[in-house]
Amino acid sequence: MKARSSILLGSLSAALVAFALTSARVVAADKIDPVADAKAFQNFFFQKFPTVKHEDFVNGPYSMNEDMKRQWQEKEEFPPYEFALDAGKEMFATPFKNGKTYADCFPNGGIGIRQNYPYFDEKEGKVVTLELALNRCREANGEAPYSYVKDEMASLTAYMAFTSRGKPMDIKIPDDPRALAAFENGKRYFYTRRGQMNFSCASCHVQSPGERIRAEILAPALGILNAMPIYRSEWSGMGTTSRRFVTCNSQTRAVPLDPQADEYRDVEYFLSYVANGLPISGPGARP
Amino acid sequence: MKLSLPLAMLLALSLAPAARAANEADYKSAYSAAEAASKEAASLRHQWTVTVSALAAAKKAGDGGDFNRAVAAAKEAEALAKASIFQAISEKEAWKAMEIR
Amino acid sequence: MASSIRVRATANGDITEVQALIQHPMDTGLVKDAKGELIPAHYIQQLKFECNGKDVFVADWGTAVSKDPYVKFSFKGAKKGDDLKVSWTDNKGGSDTTTAKIS
Amino acid sequence: MTAFTGPFATRRLILQGAASVALLGLGNLPFTPARAAANDKYPEEAFKQKSEADAVKALYGKTAEPSDKVKLDAPEIAENGGVVPISVTTTLDKVTSISFFVAENPSALAASYKIPDGTIPSIANRLKMAKTTNVVAIVEADGKLYSATKEVKVTVGGCGG
């Protein structure tokens, strides 16, 4: 009995201390400061994993575990996303019924620009992801939109990512309160616990990257979207960022939002911004 | 520590002795309470998949006339929905504790 | 339609290293689809590599070979520019073939 | 081909065509019958066997002995049971066949390769594994069987859902 009460006392005082701490910081942190957030985010991972080369973080679980890295390198010799890549390249060049192609919708003809997505669209006042831009381009040219989750959309984004391989992620936040709010909303989503499992993205990808979750190794949150879209052996197929968000939600028993919900667009904005400077490594192969 | 309250609530509900066999009226009221809680959880965008399946199980049992099971499932769905509402509200501030600064 | 076979053959010295990736579902016949029905077995049974009129490698595969199967081997006796003929047949009588130049 | 040939003539044409093809076929048959028939037959029986021992017997008709000259490379823990990179290499010579078995798969024999002379006895491939079990590579060299075995742990990923 005595031990239990001392534990109770201990945790109460810890809670009090934590409360005091957060309240002090809450006041200071009201001003949204993406630059400071990104710096703190990157330093957290650089200090937690000093032996991992900075640009290696974009290889997710393979930067954390040698045995997994060997299996990955073996797969990369002739990667399973090879077919999606070729299909994407072919689709990208095939003109729409009205003769235009994707190249007409994107800066630089859509080649080597993936590192600037998602971007904040000041007209719309919202974050626009690469998948959204692709479907809007299709609709603007009288074509039916693709599923945001896999198949054609994944092949197209795989090809666009491939043309940006190695380029550092370069996400901009314009000096617009709505952009700052979107960044903050994405950050909130990233740290908010959800689902009956009561996990947030951070519970796995900040607190325990490199640990095992049954057969898989958890990827660090830093650069976790740089390899998108990914071919997952578990899906035995390609998947976009939205597919990853939707399936992660349902694994923690949270009902997923629709693939391009604002929260998903904002958390992609947040995660991409804090990974600025790290190379694009998509399309990726993952367990 | 914070979440023990809803779990306790969940336990209390399931232990409540069923006085007599539930009838359609009991099912209707339990189901509408569960549905209201589930709608609120969905509006907070914090719905749990298990709430949805418990609600569906309640409806299926209810339609099949097995009111005992339907009421139990509806009560479980309500408890789960309430727990997810509690989670949504507490997380409004709690997330900051985990933020990397 | 692009061939279902991607093959890379590179010769260094007398040894040619061959890697092949083939687009094929390799269904085991033990998996159920969304509606709960069994997806029938559909897998490559034999994959053959021929160079200069001679079989250099023959693979007999069962249902335990991964989807979009991959194989790597090397052989002697060929040089840059030779043709490597790759062909497969599956249990449903499907087949495909392609010829690659050894680079 | 005039329009009035009618069914008889076309039938004759088809018959002539078939005869010539058969002749052609016969023509080159004698050169490759022994080799083609011998090693091209798909080992249907062996792939049906459930256990590894039966599969080896059905495929080779003899048993293998472990040998450190057969180097089997497989992961500690498979990142995904559907795509397990497994490779084997051997210093034995006069190798004529290499096969891979996954002991507790629904049927043990996974893949069997014929190695004509001039082909280097070293193969990499990606196999499916139903669960944690032994992967066995068997090399047939100069008529005798040598094997290497390694356990690979397999489980699902993620936190469940």
Residue selection (most heavy-atom pairs with chain C, distance under 4.5 Å) from D:A110, D:A124, D:S87 = D:A124
Smallest separation among heavy atoms of C:S66 and D:G82, with atom names | OG-O, 2.8 Å
Mark yes when over 12 heavy atoms from residues, nucleotides or ligands other than D:K131 sit less than 6.0 Å from its NZ; otherwise mark no.
-> no
Closest non-hydrogen atom pair, C:D60 against D:F47 | O-CZ, 3.3 Å
Heavy-atom pair with the smallest gap, counting every atom of C:A64 and D:N105 | CB-ND2, 3.6 Å
Crowded around D:D117 CG? As in, over 12 foreign heavy atoms under 6.0 Å?
-> no
Over 12 foreign heavy atoms within 6.0 Å of NZ, D:K153 = no
Contacting moiety of C:F49, where chain D heavy atoms sit under 4.5 Å | neither
Given side-chain contact (heavy atoms from CB on, under 4.5 Å), test C:Y70 with D:N125 step by step and report yes or no.
-> CA-CA 6 Å; C:Y70 164 83; D:N125 56 47; 5.6 Å; no
Heavy-atom distance under 4.5 Å between the side chains of C:T28 and D:P106, does that happen here?
-> no
Is the backbone of D:I120 close enough, under 3.5 Å, to the side chain of C:S74 for a donor and an acceptor to pair up by distance?
-> no
State whether the number of non-hydrogen atoms from other residues, nucleotides or ligands found under 6.0 Å of D:K48 atom NZ is greater than 12.
-> yes
How many angstroms lie between OH in D:Y42 and CD in C:Q45, if you round to the nearest 0.5 Å?
-> 4.5 Å
Look only at the side chain of D:T119 and the backbone of C:V56, and say whether a donor-acceptor pair between them is shorter than 3.5 Å.
-> yes
Report yes if the side chains of C:V65 and D:R126 come closer than 4.5 Å at any heavy-atom pair, otherwise no.
-> no
Which portion of C:L21 sits near chain D, non-hydrogen atoms under 4.5 angstrom | side chain
Decide if atom NZ of D:K150 counts as having more than 12 heavy atoms of other residues, nucleotides or ligands within a radius under 6.0 Å.
-> yes
Side-chain H-bond candidate by donor/acceptor type, C:W61 with D:Y113, under 3.5 Å = yes
Sort C:L47 into side chain, backbone, both or neither according to what part of it lies under 4.5 angstrom from a heavy atom of chain D.
-> neither
For D:L127, is it the side chain, the backbone, both, or neither that has a heavy atom closer than 4.5 Å to a heavy atom of chain C?
-> both
Heavy atoms only: give me the nearest C:T63-D:S107 pair and the separation to one decimal.
-> OG1-OG, 4.5 Å
Using non-hydrogen atoms and a 4.5 Å limit, figure out which bit of D:S112 sits close to chain C: side chain, backbone, both or neither.
-> both
Name the option with the most non-hydrogen atom pairs under 4.5 Å to chain C; the candidates are D:S99, D:G118, D:S122, D:A130.
-> D:G118
Looking only at heavy atoms, which two atoms of D:K128 and C:M26 are closest? And how far apart?
-> NZ-O, 2.6 Å
Best-contacting candidate, C:D14, C:T16, C:V71, C:D68, against chain D by heavy atom pairs under 4.5 angstrom = C:V71
